[in-house]
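The structure under discussion appears below in the form of structure tokens.
Atoms within each ligand, like the ligands themselves, are counted from 1 in listed order. Side-chain atoms are counted along with the backbone in the values below, which use heavy atoms only and exclude waters and symmetry mates. Index from 1, following the sequence.
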Amino acid sequence: MIVARTKRELRERLESPRRDGKTIGLVPTMGYLHDGHLSLLRAARERCDVVVMSLFVNPAQFAPGEDLESYPRDESRDLELAESIGVDVVFAPPVEEVYPEGYATTVEVGGGLTDVLDGAPERRGPGHFRGVTTVVAKLFNIVSPDVAYFGQKDAQQAVVIRRMARDLDFTVDIEVLPTVREPDGLAMSSRNAYLGPEERERALALSRALRAAESAAASGETRAEAVLAAARAELERAGVEAEYVEACDAETLAPAASLNGGRVLIAVAAQVGPARLIDNTVIGG
Ligand code: AMP
């Protein structure tokens, strides 16, 4: 496994496999790897000849006052884990390599995908997704992967990236893999490291809320409001104040009033102690 710190090193390493027609898989991460990341790396290892993992805490997707400075980092452990899966190249650039002096270009997806849910102005805001799509577009240009892997845990991000790839004619195949959970249901997240034992217990309310929504739907409830009420009740019971619990079309992210209209994304976000957590499930379709 090699660790590339510059775009040039990375491109040089990929030159010969690309010439030989090898398939290249890319797994973008911000590091502090957990089993969710590893599931993406394993999928890439199975399908692709060359696996590239990027390891970059992208300042552009953090708003002022968010946790950019405190975001958990442990590069040597990440490199060990990546190597154990058989990653070929880790691209771990310094910030100046990605955003050099005078950097002035962004990529922004519109169409109502980035100013709802996490992107609503009173939440993380559309600037969050602008940061994500800008860095992912750059990674697609630097790596030119055949396949890129993302997690359903960040459902809105996956929808936004698919749209960007389609709209900007990236030829990469976007694979979105299921959310990996702790045995008790908590969705794995690097930010779970912020949780103390009591907060860790309360954080379980997010996945319980989603299971309650699924049960309501399974027992025949089709009104989104009623399904969301079941989810909210679980959060309230645990004393977790949701930032949002919403139902929307899983592809367009338009609000869904009914579960009859195809795949509906039920998404939840809540601050639990120092950690802002998100989780989701898709019902129907
Ligand atoms: P991050 O390092 O948090 O930016 O995540 C890197 C990639 O891993 C993104 O595509 C995430 O959606 C994905 N990911 C994060 N947590 C999980 C999880 N629990 N299960 C599956 N994928 C995940």
Side-chain angles (χ1 to χ4, degrees), residues 25-46 51-63 66-68 70-75 77-79 81-82 85 87 90-93 95 98 113 117-119 124 128-140 143 145 147-165 172-195 200 203-204 206-207 210 250 265 267-269 272 275-282:
L26 169 67
V27 181
T29 83
M30 299 206 298
Y32 213 71
L33 301 184
H34 51 66
D35 281 352
H37 298 112
L38 302 190
S39 74
L40 306 182
L41 293 171
R42 287 195 187 96
R45 182 67 287 163
E46 258 175 45
V51 176
V52 180
M53 176 181 96
S54 61
L55 173 45
F56 181 61
V57 181
N58 174 32
Q61 70 190 69
F62 289 78
E66 288 188 353
D67 57 345
L68 173 62
S70 56
Y71 196 83
R73 292 164 168 87
D74 188 345
E75 189 184 272
R77 178 174 168 275
D78 288 346
L79 296 181
L81 285 167
I85 306 281
V87 169
V90 174
F91 179 47
V95 172
V98 179
L113 296 185
L117 301 174
D118 270 9
R124 301 194 76 179
H128 165 65
F129 289 107
R130 187 165 55 236
V132 170
T133 43
T134 298
V135 82
V136 172
K138 284 170 68 69
L139 289 169
F140 285 178
V143 177
V147 196
Y149 294 83
F150 297 90
Q152 177 64 18
K153 156 83 177 1
D154 298 279
Q156 184 174 15
Q157 171 174 285
V159 168
V160 169
I161 286 168
R162 269 194 202 285
R163 185 69 66 87
M164 176 194 75
V172 58
D173 183 5
I174 307 287
E175 284 262 14
V176 179
L177 299 187
T179 302
V180 176
R181 297 176 181 282
E182 301 285 357
D184 60 9
L186 181 67
M188 290 196 179
S189 163
S190 305
R191 289 190 171 96
N192 292 349
Y194 298 149
L195 300 169
R200 169 76 180 65
L204 284 176
L206 276 81
S207 54
L210 297 170
L265 175 73
V268 56
V272 180
R276 183 183 183 279
L277 303 176
I278 58 171
D279 201 350
N280 69 84
T281 186
V282 174

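- Of the heavy atoms in Pro178, only backbone atoms (N, CA, C, O) come closer than 4.0 Å to ligand 1.
- The residues Glu66 and Arg124 are annotated as salt-bridged, a charged nitrogen and a carboxylate oxygen being separated by less than 4.0 angstrom.
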Can you check salt bridge (Lys or Arg N to Asp or Glu O under 4.0 Å) on Asp78 and Arg73, steps first, answer last? CA-CA 9 Å; Asp78 288 346; Arg73 292 164 168 87; over 6 Å; no

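- Put simply, CG on Asn192 and CG on Leu277 are 6.0 Å apart, with the number rounded to the nearest 0.5 Å.
- The Pro28 neighbourhood of ligand 1 comprises atoms 6 (C), 7 (C), with distances under 4.0 Å to a heavy atom of that residue.
- Taking a cutoff of 4.0 Å between a charged side-chain nitrogen and a carboxylate oxygen, Arg162 and Asp173 do not qualify as a salt bridge.
- Of all atoms in ligand 1, listed by their number and element, those nearer than 4.0 Å to a heavy atom of Phe150 are 10 (O).
- No side-chain heavy atom of Val132 sits under 4.5 Å from any side-chain heavy atom of Val160.
- Nearest approach of Leu195 to Val272, heavy atoms of both residues: CD2-O, 3.6 Å.
- Taken to the nearest 0.5 Å, the CD1 atom of Ile278 stands 9.5 Å off from the CG atom of Leu206.
- Considering only non-hydrogen atoms, atom 22 (N) of ligand 1 lies nearest to Gly151 out of Ala148, Gly151, Ser54.
- Inter-residue side-chain proximity for Arg163 and Val159 is flagged as unmet; no heavy-atom pair is nearer than 4.5 Å.
- Using a 4.0 Å cut-off to heavy atoms of Met188, the atoms of ligand 1 that qualify are 16 (N), 17 (C), 18 (C), 19 (N).
- Short contacts between ligand 1 and Asp154, defined as distances under 4.0 Å to a heavy atom of the residue, involve ligand atoms 11 (C), 12 (O), 15 (C).
- With a 4.0 Å heavy-atom cut-off, ligand 1 is reached by no atom of Leu177.
- Among protein heavy atoms, the minimum distance from atom 20 (N) of ligand 1 is reached at Val180 N, 2.8 Å.
- Within the 4.0 Å heavy-atom criterion, the part of His37 lying near ligand 1 is the side chain and not the backbone.
- Ion pair Asp35/Arg42 not flagged as a salt bridge, since none of the NZ, NE, NH1 or NH2 atoms sits closer than 4.0 Å to an Asp/Glu carboxylate oxygen.
- Contacts with ligand 1 closer than 4.0 Å are made by side-chain heavy atoms of His34 only, the backbone lying farther away.
- Considering backbone and side-chain N/O of Ser189, none are found under 3.5 Å from N/O of ligand 1.
- Both the backbone and the side chain of Met30 come within 4.0 Å of ligand 1, judged by heavy-atom distances.
- Listed by atom number, the atoms of ligand 1 under 4.0 Å from Thr179 heavy atoms are 19 (N), 20 (N), 21 (C).
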